[in-house]
Amino acid sequence: VARRLSLRKHPECHSMAGGKAIEHLAQTGNRQQHMFRLPMQQYRNCDFSFSGLQNLVNKAIIQKEEEEGIQEGEILSCVKDIAAAVQHAVAVHIIQRTYRAMLFCIKNSILSSKNATLVVSGGVASNQYIRKGLQTLADANDFAFLCPPPRLCTDNGVMIAWNGMERLCAGLGILHSTDGIRYEPK
């Protein structure tokens, strides 16, 4: 969404990563100016998906570009409102799915209802809006809430790659032959 909104060109966001730029602009945006339908509402499971939301946001951006008579790559006048609406939709989707997972774990005795803990990490945990929503969810359900400081909430892909580099340097878990290994998408 940040890339599609060309936030690198926005004067307040030119040096920020996409997620940080969305969060920054959302602080002064009005999320009620754009209402995005939440993804996967027809599925009663714990899965996450943002592709449907991304399609809705892209359509809204195209419509606004046409209304404002601007080309793709130019900054929309309503960019803060779109950022706020997208951030809210993402947060609600994550909170709803996490709540379902919490209930599933308690119902199936995977977690004890006493001393249960919600741990949030990775890049999404650096977003204060999402973090506060998950903290509220944990509090409302008597879960402890653990979340590293934002400076340690980095992209999971980077953390996985770093772990791989450390394991390679230490000679741990290294395959010397890939014979017999089958790779499949998803």
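For the numbers below, each heavy atom of this structure counts, side chains included, while hydrogens, waters and symmetry mates do not.
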Taking atom OH as the centre, does Tyr43 end up with more than 12 heavy-atom neighbours from other residues, nucleotides or ligands that are less than 6.0 angstrom away? no

Hey, are Lys64 and Glu66 close enough for a salt bridge, meaning a charged N less than 4.0 Å from a carboxylate O? no

Counting C-beta onward and ignoring hydrogens, is there a side-chain heavy-atom pair between Gln54 and Arg4 closer than 4.5 Å? no

Close side-chain approach of Lys9 and Ile75, heavy atoms under 4.5 Å: yes

Which atom pair, heavy atoms only, marks the closest approach of Cys13 to Leu25? SG-CG, 3.6 Å

Value for OG1 (Thr98) from CG (Leu118), rounded to nearest 0.5 Å, stands at 6.5 Å

Taking the side chain as every heavy atom from C-beta outward, state whether Arg31 and Asp81 have any atom pair closer than 4.5 Å. no

Can you tell me how far apart NZ (Lys80) and NE2 (His24) are? Round to the nearest 0.5 Å. 6.5 Å

Any idea which heavy atoms bring Gln87 and Ala26 closest together, and the distance? NE2-CB, 3.3 Å

Val120 and Phe145 have their tightest heavy-atom pair at CG2-CE1, 3.6 Å

Crowding at CZ, Phe50 (>12 non-hydrogen neighbours, <6.0 Å): yes

Of the non-hydrogen atoms in Ser126 and Pro150, which two are nearest, and what is the gap between them? CB-O, 4.1 Å

Do Val92 and Ile94 belong together in a cluster built from hydrophobic side chains that touch within less than 4.5 Å? no

Side chain to side chain, Gln135 and Cys147, heavy atoms closer than 4.5 Å: no

Return yes if some donor-acceptor pair links the side-chain N/O of Arg97 with the main-chain N/O of Asn45 below 3.5 Å, else return no. yes

Considering residues, nucleotides and ligands other than Asn115, do more than 12 of their heavy atoms fall under 6.0 Å from its CG? no

Using a 4.5 Å cut-off on heavy atoms from C-beta on, say whether the side chain of His10 contacts that of Arg8. no

Shared hydrophobic cluster for Ile95 and Phe48 (ILVMFWY, side-chain gaps under 4.5 Å): yes

Please name all residues satisfying side-chain hydrogen bond (donor to acceptor under 3.5 Å, both in side chains) with Arg131, sequence neighbours left out, ordered by chain then number. none

What's the spacing between Phe104 CZ and Lys107 NZ if we round to 0.5 Å? 8.5 Å

With rounding to the nearest 0.5 angstrom, report the CD1 to CG distance, Ile61 to Leu56. 11.0 Å

For the residue pair Cys78 and Gln33, establish whether any side-chain heavy-atom pair is separated by less than 4.5 Å. no

Between Ser6 and Glu74, does the side chain to side chain donor-acceptor pair (under 3.5 Å) criterion hold? Intermediate values first, please. CA-CA 7 Å; Ser6 302; Glu74 295 180 56; over 6 Å; no

So if you build clusters from Ile, Leu, Val, Met, Phe, Trp, Tyr with side-chain heavy-atom gaps below 4.5 Å, do Ile70 and Leu5 land together? yes

Specify the closest pair of heavy atoms between Phe36 and Leu53, including all atoms of both residues, with the distance to one decimal. CB-CD1, 3.5 Å

Gap between atom CE of Met40 and atom CG of Asp47 - 0.5 Å precision: 5.0 Å

How far apart are the C-alpha atoms of Tyr99 and Asn141, what are their side-chain angles, what is the distance that settles it, and do they pass the side-chain contact (heavy atoms from CB on, under 4.5 Å) test? CA-CA 9 Å; Tyr99 181 52; Asn141 290 280; 3.3 Å; yes

Count the heavy atoms of every other residue, nucleotide or ligand shown that sit under 6.0 Å from CD of Gln42, and state whether that count exceeds 12. yes

Identified side chain to side chain donor-acceptor pair (under 3.5 Å) counterpart of Tyr129 within the set Glu23, His88, Gln27: His88

What residues, two or more places apart in sequence or in another chain, satisfy side-chain hydrogen bond (donor to acceptor under 3.5 Å, both in side chains) together with Gln32? none

At what distance, to the nearest 0.5 angstrom, does CD1 of Ile22 lie from CG of Asn127? 10.0 Å

Consider only side-chain heavy atoms of I, L, V, M, F, W and Y, link residues closer than 4.5 Å, and tell whether Val86 and Leu38 are in one cluster. no

Evaluate the criterion side chain to side chain donor-acceptor pair (under 3.5 Å) for residue pair Gln63 and Glu67; output intermediate values, then yes/no. CA-CA 6 Å; Gln63 180 182 344; Glu67 287 175 13; 3.0 Å; yes

Any link between Val124 and Met16 through a network of hydrophobic side chains (Ile, Leu, Val, Met, Phe, Trp, Tyr) touching at under 4.5 Å? no

Tightest non-hydrogen contact, residues Cys153 and Pro148, listed as SG-O, 3.5 Å

